[in-house]
Amino acid sequence: MRPFTSTIFAEMSALALRTGAINLGQGFPDTDGPPSLLADVAANVIGGVNQYPPGPGIPALRTAVAEHQRRFYGQEVDPERVLITTGATEAIASAILALCEPGDEVVTFQPYYDSYAATIALSGATLRAVPLRPGSSGSPTFAFDPAELRAAFSERTRVVLVNTPHNPTGTVLDREQLTLLGQLAVEFDAVIVADEVYEHMLYDGREHVPMATLPGLADRTLTISSAGKTFSVTGWKVGWVHGPVDLLGSVRAAKQFLTYVSGAPFQPAIANALALPDSFYDDLASGLQSKRDLLSAGLRAAGLTVYPSSGTYFVVTDVAPLGVADGAEFCWRLPDLVGVAAVPVSVFCADPDLGRTLVRFAFCKKDEVLTEAVSRLANLQKALS
Ligand SMILES: *Cc1c(COP(=O)(O)O)cnc(C)c1O
């Protein structure tokens, strides 16, 4: 665990606090989730829903997750095959720890969500990270090279860990890309672990395609999501995973010795929230889309290259046009330069050169906070010179 002793979020958030910078580093919303959800949880705590819930999660929430999959994706999920976890993070960890051992390989994209590399290391498996790069195939969005993806697979591949919409790049993998991933998983008999925590944060009319809904993949796919992201309550850490009975049984075995259970008062409230009307989900996406536009325009005006974000809380920029050679060094200076904090993409890469000049900004903040950040960033070129 030596390479994983500190996280960039802790370091950058501490720096932001020390300098009074606006923290666009860590991806958490600065507004609360739906009032009905908050009131439900408060009532549950006062009303005595405070002891260990059942190991797999309460039936109402497992049923609500299954209903949610049918409502949004036409997917049939048996509530018996839903496992409630301590955030998506525990679902990912349980899946990797349950399925992988030394000698196995996990294929994922880099940059990746920061828990991936640490969790794979805990399992003793080897990470095979395939680059997502901007600008390939003439498009400014991040994409993988199909030949590079294929080359990462072998008979040692045990798991394909795929995140779409993708943190940090904001990329939404399209049906064709997902199909290719699925074909490779079938060819090499790998399990797909699909991290879909941003399933309700897609912009410009894009639609989320769950991996498990592609033909022939349901039997080998574990699908993961999180109430923290969907309901803007990232501190609650309630997530879930569903999939075929044999795989889910293994995941449950690992999960029950990580935390056993959690979130008793949250679980019934989240079950109710999943049934909120479409307007809730539509407003979530449209609100975030306008925040994306606000921050992206400001970053562009400040002289950064801004890669289009089609989903998530994040937009990735390139700081090279500012004459900056190292994104990490830039992020350490940014709070002092203009009073804004961000995170370097290189820390999310197995090969740090891949993201050397890339910097991630979070836009899941109040409009007035983003407006103030944009006005501060307008001083950036002067501050650098
Ligand atoms: C936030 C996030 C998670 C973790 O979700 P929690 O429910 O907070 O554990 C997992 N994967 C990705 C890509 C994320 O951005």
Side-chain angles (χ1 to χ4, degrees), residues 3 92 95-96 99-100 103-121 123 125-196 198 206 209-211 214 216-217 220-222 305 307-312 314-318 320 327 344-360:
I92 296 161
I96 298 296
L99 298 172
C100 299
D104 291 338
E105 295 186 355
V106 179
V107 172
T108 195
F109 295 114
Q110 60 169 330
Y112 40 67
Y113 180 60
D114 72 333
S115 85
Y116 290 8
T119 296
I120 293 163
S123 78
T126 302
L127 168 70
R128 296 292 303 263
V130 178
L132 292 176
R133 293 193 193 84
S136 39
S137 63
S139 141
T141 56
F142 284 76
F144 58 84
D145 172 348
E148 247 173 344
L149 179 64
R150 167 166 275 283
F153 280 79
S154 74
E155 72 282 0
R156 290 182 300 281
T157 308
R158 181 74 179 120
V159 167
V160 187
L161 178 49
V162 49
N163 169 221
T164 183
H166 181 262
N167 171 8
T169 64
T171 300
V172 174
L173 297 174
D174 64 23
R175 200 172 278 274
E176 195 184 331
Q177 291 168 312
L178 295 174
T179 299
L180 177 61
L181 262 170
Q183 282 166 352
L184 289 165
V186 170
E187 185 179 331
F188 291 91
D189 195 23
V191 174
I192 298 164
V193 177
D195 176 352
E196 303 184 354
Y198 296 103
R206 279 172 184 268
V209 180
M211 272 309 266
L214 294 179
L217 298 187
R220 63 173 67 246
T221 302
L222 288 162
T305 299
Y307 294 109
S309 166
S310 304
T312 75
F314 308 110
V315 59
V316 166
T317 62
D318 195 330
V345 170
S346 56
V347 299
F348 308 126
C349 296
D351 168 15
D353 276 337
L354 184 69
R356 192 59 76 195
T357 59
L358 303 182
V359 171
R360 188 193 82 173

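We count residues from 1, following the sequence as given.
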Atom of [X], atom of [Y] and distance for their closest heavy-atom approach:
X: Gly311; Y: Val172; answer: N-CG2, 4.2 Å
X: Ala350; Y: Ala129; answer: CB-CB, 4.0 Å
X: Thr169; Y: Pro111; answer: CG2-CG, 3.9 Å
X: Leu354; Y: Cys349; answer: CD2-SG, 4.0 Å
X: Ala152; Y: Val107; answer: O-CG2, 3.6 Å
X: Pro168; Y: Val316; answer: O-CG2, 3.1 Å

Is there a donor-acceptor pair closer than 3.5 Å between any side-chain N or O of [X] and the backbone N or O of [Y]?
X: Glu148; Y: Pro131; value: no
X: Glu105; Y: Arg156; value: no
X: Thr164; Y: Leu173; value: yes
X: Asn163; Y: Asp195; value: yes

Next on the checklist: Test: salt bridge (charged side-chain N to carboxylate O under 4.0 Å, His left out). Region: residues 160-189. Which pairs qualify, not counting sequence neighbours?
Outcome noted: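 Those involving residues 160-189 are Arg150-Glu187, Asp189-Arg220.
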Is [Y] close to [X] at the side-chain level, that is, under 4.5 Å between some pair of heavy atoms?
X: Gln177; Y: Leu149; answer: no
X: Tyr116; Y: Leu127; answer: no
X: Asp114; Y: Val347; answer: no
X: Asp351; Y: Gln110; answer: yes
X: Val162; Y: Ile192; answer: yes
X: Leu178; Y: Leu217; answer: no

Item to check | Of all pairs that satisfy ring-ring contact (aromatic ring centres under 6.0 Å, His included), the ones with a partner from residues 154-183, not counting sequence neighbours | outcome: none
Item to check | Selection residues 167-192 - residue pairs positive for ring-ring contact (aromatic ring centres under 6.0 Å, His included), sequence neighbours left out | outcome: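 Residue pairs with at least one partner in residues 167-192: Phe153-Phe188.
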Checklist entry - How would you list, by chain and number, every residue that makes a side chain to side chain donor-acceptor pair (under 3.5 Å) with Thr312, sequence neighbours excluded? => result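 Side chain to side chain donor-acceptor pair (under 3.5 Å) check on Thr312 returns nothing, list empty.
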Item to check | Counterpart residues, side chain to side chain donor-acceptor pair (under 3.5 Å), relative to Tyr112 (two or more places apart) | outcome: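 Result, side chain to side chain donor-acceptor pair (under 3.5 Å) vs Tyr112: none returned.
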Next on the checklist: Taking ring pair (Phe, Tyr, Trp, His ring centres under 6.0 Å) as the definition, give me every residue that meets it alongside Tyr198, ordered by chain and number, with sequence neighbours left out.
Outcome noted: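 In terms of ring pair (Phe, Tyr, Trp, His ring centres under 6.0 Å), with neighbours along the sequence ignored, Tyr198 is linked to Tyr313.
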Item to check | Residues in ring pair (Phe, Tyr, Trp, His ring centres under 6.0 Å) contact with Phe109, at least two apart in sequence or another chain | outcome: Phe144
Any residue meeting side-chain contact (heavy atoms from CB on, under 4.5 Å) with [X], in chain and number order, not counting sequence neighbours:
X: Asp318; result: Thr305, Tyr307, Ala320, Pro321, Thr357, Leu358
X: Thr119; result: Ala93, Ile96, Ser115
X: Ala151; result: none

Next on the checklist: The criterion is salt bridge (Lys or Arg N to Asp or Glu O under 4.0 Å); which residues satisfy it with Glu196, sequence neighbours excluded?
Outcome noted: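 Listed in chain order: nothing, the list is empty.
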Checklist outcome for this item: By salt bridge (Lys or Arg N to Asp or Glu O under 4.0 Å), Arg158 pairs with (sequence neighbours left out) none
Checklist entry - Given the rule in the side chain to side chain contact (heavy atoms under 4.5 Å, CB included) test, do Leu214 and Leu181 qualify, once you have shown the distances and angles that lead to the verdict? => result CA-CA 11 Å; Leu214 294 179; Leu181 262 170; over 6 Å; no
